[in-house]
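Note: hydrogens, waters and symmetry copies are ignored here, and every other heavy atom, side chains too, is used. Chain letters run A, B, ... following the sequence lines, proteins first, then strands; residues in each count from 1.
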Amino acid sequence: MSALNALAAAFRLQVALTRRSPGHLMILLTTPLFSVIFLSLVTHGQRPGLLVNAVLAPGLIGVWLMSLDLAASIIEEDRLGGRTELLVASLTPMSLVVFGRISVIALAGALTFVESWLVAVVGFGADIPIDRPLVFVLAVLATCFAMAGTATLLAAIFIVSRARHVFQNALTYPFYILGGVLVPVALLPGWLEPLSRVVFLSWSADLLRGSMSGDLPDPWPAWIAATVGLGAAALAGGVLLINRMVDRSRETASVTNA
Amino acid sequence: MTSSVAPMSGWLRLGYQSLLFSIREMRAVHTWRTWLFGWVARLLTQVTFFAMIGRFVADEGTMRFVLVGNLVALSCLESMIVVLTMANERRLGTLPLLAIAPTSHVPVYLGRGLHWLASGIASSLIGWSLLPPLLGVPLPWPEALVAAALIPVVGICCYCYGCFLAGLAVRYRSLQVIAVNIGYLPIMAFCGVNVPISFWPSWLQPLLHLFPLTNGLQAIRAVLAGGTWSDVVRHLVFEVLVGVGWLALATVSIKRVVTRGRADGTLEFGT
Amino acid sequence: MPAVVEVRDLVRVYRSKRKAEEKVALRGVTLTVDDGEILGLLGPNGAGKTTLVKILSTVLLPTSGTAKILDKDVAAAPRAVRENVGVVFGGERGLYPRISARQNLDFWAALYRLDRRTARRRCAELLDRVGLGDRADDAVETFSRGMKQRLHLARGLIHGPRILFFDEPTTGMDPVAAREFRTLVHELRKEGRTVFLTTHDMAEAEALCDRVTLIDHGSLVLDEPTEHIGRYLDTRECVDFSCDDRALLDEVAALPFVEVVEARAGGHRALVRDPAAVAQLLVWLIGRGVLSARRSEPSLEDIYLRLVGTRAMSV
């Protein structure tokens with residue numbers, strides 16, 4: 001019970017922090033431009049039935065980028081702000097606080113879906129109803145959970161990794177390709193498909209597209225389970241890694257490896 | 001005692017010094033390995049991502065179109081990073097010192113991001129040679145070689161535009177974070193990178209020609225399509241004129257940082 | 001009174017990965033803190049004070065030796081220790097500056113497993129108690145150093161711990177703020193809490209603590225009730241001055257109210273037996289043209305020299 005309480009407190013903290021420093025929400029400004037690029041490509045191309053792909057891709061990219069942005073800085077900022085030791089000395093594991101805070105941004109990232117949809121409807125006059133709204137909402141929630149779990153793992157990896165720059169660079173476009181964010185993974189070269197199925201984005205992208213177009217994968221609950229499952233696995237990895245990091249910091253008095 | 005150095009060569013010397021600093025800075029951040037396998041690889045993945053969309057939504061012809069556009073746009077993307085390096089220069093607090101020196105601070109600031117321009121042109125050219133054959137849409141030869149020679153021109157014009165944005169961002173700190181993205185994303189969206197300019201409303205098209213990359217990319221596409229020399233040169237001249245225009249605006253913008261700063265007391269450290 | 005903090009032969013070594021260097025921060029420290037006591041740990045920068053506090057608050061593990069809080073080992077049972085311990089590390093860091101004091105406290109309350117209702121009530125009470133009640137909803141970045149420190153104290157008290165660890169709490173505070181803060185610390189003792197406080201300010205140790213331990217280069221040099229140290233902390237005893245005249249120096253040393261004249265970096269120091277003699281000596285010196293004469297405070301070095309000179313080193 002107190003764990004849920006702590007999670008909620010971390011959530012509230014991040015909401016308060018984001019309201020005062022909305023820098024994390026910058027992605028909300030760039031998403032419409034991504035939408036324009038994708039929608040123009042689809043509209044100009046010879047397969048107009050792909051509007052759904054073009055509308056959803058900026059949302060997936062938006063959720064990913066926003067969460068990545070926070071993940072890259074969350075632990076380091078607490079360290080620089082002198083709060084890490086206080087967190088270690090408290091009764092709540094740091095990993096819980098990290099997950100709770102990242103969840104806020106993952107959920108806020110879902111706003112990019114709305115933005116993208118607005119650009120399509122207002123800017124391109126597109127007509128894109130949602131065929132299975134309930135499944136769509138479930139898919140969005142599953143995506144946000146998986147994103148928060150993955151970002152928690154990434155937050156830990158960022159802080160212990162020595163090749164941060166390289167790592168951060170690799171985390172964008174390669175993942176959009178592997179995640180089938182616009183071009184479905186089924187169309188990727190065969191040898192890439194197993195790799196892409198480890199990335200939760202591929203499951204969630206198929207699911208979101210299917211719930212909009214009506215052409216759901218069968219059985220769709222399995223896709224929800226895969227998305228949530230991969231997110232949970234990433235979360236577990238993140239928790240383990242952060243706990244190990246805290247233990248190490250108590251031994252060596254330093255949080256990073258550097 | 002009068003200075004025996006003419007103003008122009010003074011500017012060139014300062015710009016050159018600034019370039020040397022920039023290169024040293026680049027070396028501090030990257031080894032050639034991290035640059036190639038970290039940074040350039042990431043950029044090429046970005047280009048591949050868009051090229052794949054080109055094939056997915058249409059056919060191989062579109063894929064080639066999108067591929068060419070995105071490869072050229074790499075020089076634009078990296079040039080925009082001058083916004084951050086210029087802001088960094090301001091943050092270092094050298095502006096008050098530059099302002100009272102007998103020479104101008106403008107060439108120093110203009111030279112600040114030249115290593116990114118160089119990186120952008122290099123990434124573009126690397127991608128130009130590697131990706132078309134890799135993705136199964138090779139470019140016509142020897143036109144590809146001639147077209148490649150035009151990429152640096154586009155890069156330089158985009159850099160001038162980037163300097164203008166940087167001059168604004170240096171003064172208005174809240175712009176810094178978004179300026180890079182708001183700099184290159186609209187160009188990627190509207191200036192013929194992924195879809196031809198004719199796709200956009202007719203009232204918008206003339207405006208697009210005022211931005212860097214638009215005309216240069218048209219010149220490059222004309223070369224690849226085996227267009228006439230007059231066509232290519234026309235587009236190229238426009239591109240250069242646009243670049244000069246943005247350079248002039250950039251110079252004014254950067255100068256104003258000091259004049260404004262002197263007037264309202266914000267010349268101090270970049271806060 | 002039973003000991004609530006027991007430290008035995010505590011050693012902490014820092015190893016730098018890159019340089020393969022070792023730094024010994026604590027060299028076998030042994031001390032106890034009794035229930036309801038305020039213990040001051042004095043020492044210069046780098047002496048090991050912060051390291052000791054971090055180990056006792058479970059932020060750091062000892063290299064060897066034991067430390068127990070209420071009979072729970074800090075290394076083996078950190079959770080149990082954390083329930084009873086509050087930390088006030090203080091300074092400019094340790095808070096979320098962009099949000100309000102109340103929002104900061106609310107967050108920590110939840111991390112210390114208080115339910116929402118209790119947390120809300122406790123936060124309001126604590127904010128009032130530390131004098132931040134009317135600034136509770138202002139962003140912490142608008143607070144002065146003293147206000148931030150009071151918020152740190154509120155944060156340390158949020159779960160009602162029996163024992164509090166303070167690390168240099170009044171550093172950087174103006175005298176008024178520091179005095180107000182010390183009043184708050186006095187109140188803690190009235191509530192029956194135990195306080196472990198590190199400082200390099202002698203006057204603070206004298207004002208607040210029942211007992212004072214001195215640490216230097218990782219070893220305890222002294223462990224005394226404050227009133228004993230007080231004898232040596234009389235700040236009115238010293239007069240510093242610069243003078244090159246050998247004959248004058250001999251005259252000063254021969255004065256009846258002067259105990260001894262010591263050479264110091266940049267001049268001399270005269271120690272007087274009686275506080276009232278300070279004024280006498282100043283007048284005497286100035287009358288003879290030694291205009292640099294001034295009253296001064298003993299430094300930690302003086303105390304060490306004094307104490308180590310008159311007592312055997314004890315641990």
Side-chain angles (χ1 to χ4, degrees), chain A residues 1-24 73-74 76-101 104 160 162 243 245-258, chain C residues 12-18 23 25 50-51 53-63 74-75 78-83 85-100 102-104 106-116 119 139 141 152 155-156 158-159 165 167:
Chain A
M1 195 56 224
S2 58
L4 275 177
N5 217 9
L7 202 61
F11 199 90
R12 284 197 303 276
L13 173 73
Q14 189 60 44
V15 170
L17 288 173
T18 307
R19 270 166 58 184
R20 301 293 178 102
S21 344
H24 291 302
S73 61
I74 186 171
E76 181 71 3
E77 274 182 13
D78 270 347
R79 190 180 73 84
L80 290 171
R83 297 179 287 265
T84 303
E85 285 168 347
L86 299 176
L87 284 168
V88 170
S90 77
L91 292 171
T92 300
M94 195 190 295
S95 46
L96 198 68
V97 175
V98 170
F99 176 65
R101 286 181 61 182
V104 173
V160 303
R162 267 178 253 222
N243 288 348
M245 183 197 85
V246 168
D247 288 340
R248 257 189 72 82
S249 81
R250 293 176 72 214
E251 278 167 28
T252 63
S254 92
V255 173
T256 65
N257 261 336
Chain C
R12 174 69 213 195
V13 178
Y14 291 111
R15 277 186 191 88
S16 161
K17 245 187 181 174
R18 286 218 191 113
K23 179 179 183 276
T50 303
T51 300
V53 170
K54 284 190 182 177
I55 291 177
L56 292 173
S57 54
T58 75
V59 172
L60 210 54
L61 286 171
T63 306
V74 299
R79 268 189 87 81
V81 169
R82 287 168 189 159
E83 282 170 17
V85 155
V87 299
V88 184
F89 289 160
E92 294 293 327
R93 298 152 84 240
L95 298 164
Y96 288 98
R98 295 272 176 99
I99 58 176
S100 74
R102 198 192 303 278
Q103 283 168 322
N104 265 279
D106 177 59
F107 172 66
W108 289 106
L111 291 202
Y112 276 96
R113 295 147 104 208
L114 271 61
D115 63 85
R116 282 219 76 180
E141 62 190 351
H152 278 299
R155 197 206 74 87
I158 196 75
H159 56 302
F165 292 104
D167 193 15

Examine whether an atom of [X] lies under 4.5 Å from a heavy atom of chain A, and if so say whether it belongs to the side chain, the backbone or both; otherwise answer neither.
{"X": "R116(C)", "result": "both"}
{"X": "V88(C)", "result": "neither"}
{"X": "Y14(C)", "result": "side chain"}

Original post:
So, for L61(C) and R12(C), which heavy atoms are closest and what is the spacing to 0.1 Å?
Top reply: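 Between these two residues, the closest heavy atoms are O-NH1, 2.6 Å.
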Taking side chain as C-beta onward, heavy atoms only, is [X] less than 4.5 Å from [Y]?
{"X": "R101(A)", "Y": "D78(A)", "result": "yes"}
{"X": "L60(C)", "Y": "R250(A)", "result": "no"}
{"X": "R20(A)", "Y": "E141(C)", "result": "no"}

Just so I understand: if I count every heavy-atom pair under 4.5 Å between each of [options] and chain C, which residue has the most?
{"options": "A3(A), A16(A), A8(A), P93(A)", "value": "A16(A)"}
{"options": "A89(A), S2(A), A6(A), S21(A)", "value": "A89(A)"}
{"options": "N5(A), V88(A), L86(A), L7(A)", "value": "L86(A)"}

**OP:** Write out all pairs satisfying salt bridge (charged side-chain N to carboxylate O under 4.0 Å, His left out) with one or both partners inside residues 54-63 of chain C, taking only residues at least two apart or from two chains.
**Re:**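 Matches after skipping sequence neighbours: E85(A)-K54(C).
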**OP:** Could you tell me which portion of V246(A) (side chain, backbone, both or neither) has an atom closer than 4.5 angstrom to a non-hydrogen atom of chain C?
**Re:**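 Contact with chain C involves no heavy atom of V246(A) at all.
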Original post:
Is chain C contacted by the side chain of L96(A), its backbone, both, or neither, given a heavy-atom distance below 4.5 Å?
Top reply: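 It is neither, since no heavy atom gets under 4.5 Å.
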**OP:** Using a strict 4.0 Å threshold on nitrogen-to-oxygen distance, state whether E76(A) and R79(A) make a salt bridge.
**Re:**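 Yes.
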**OP:** Select, from V87(C), L95(C), D115(C), the one with the greatest count of heavy-atom pairs under 4.5 Å involving chain A.
**Re:**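 So the answer, after comparing V87(C), L95(C), D115(C), is L95(C).
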Original post:
Can you list the residues that meet the ring pair (Phe, Tyr, Trp, His ring centres under 6.0 Å) rule with F11(A), with sequence neighbours excluded?
Top reply: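 For F11(A) there are no ring pair (Phe, Tyr, Trp, His ring centres under 6.0 Å) partners, ignoring immediate neighbours.
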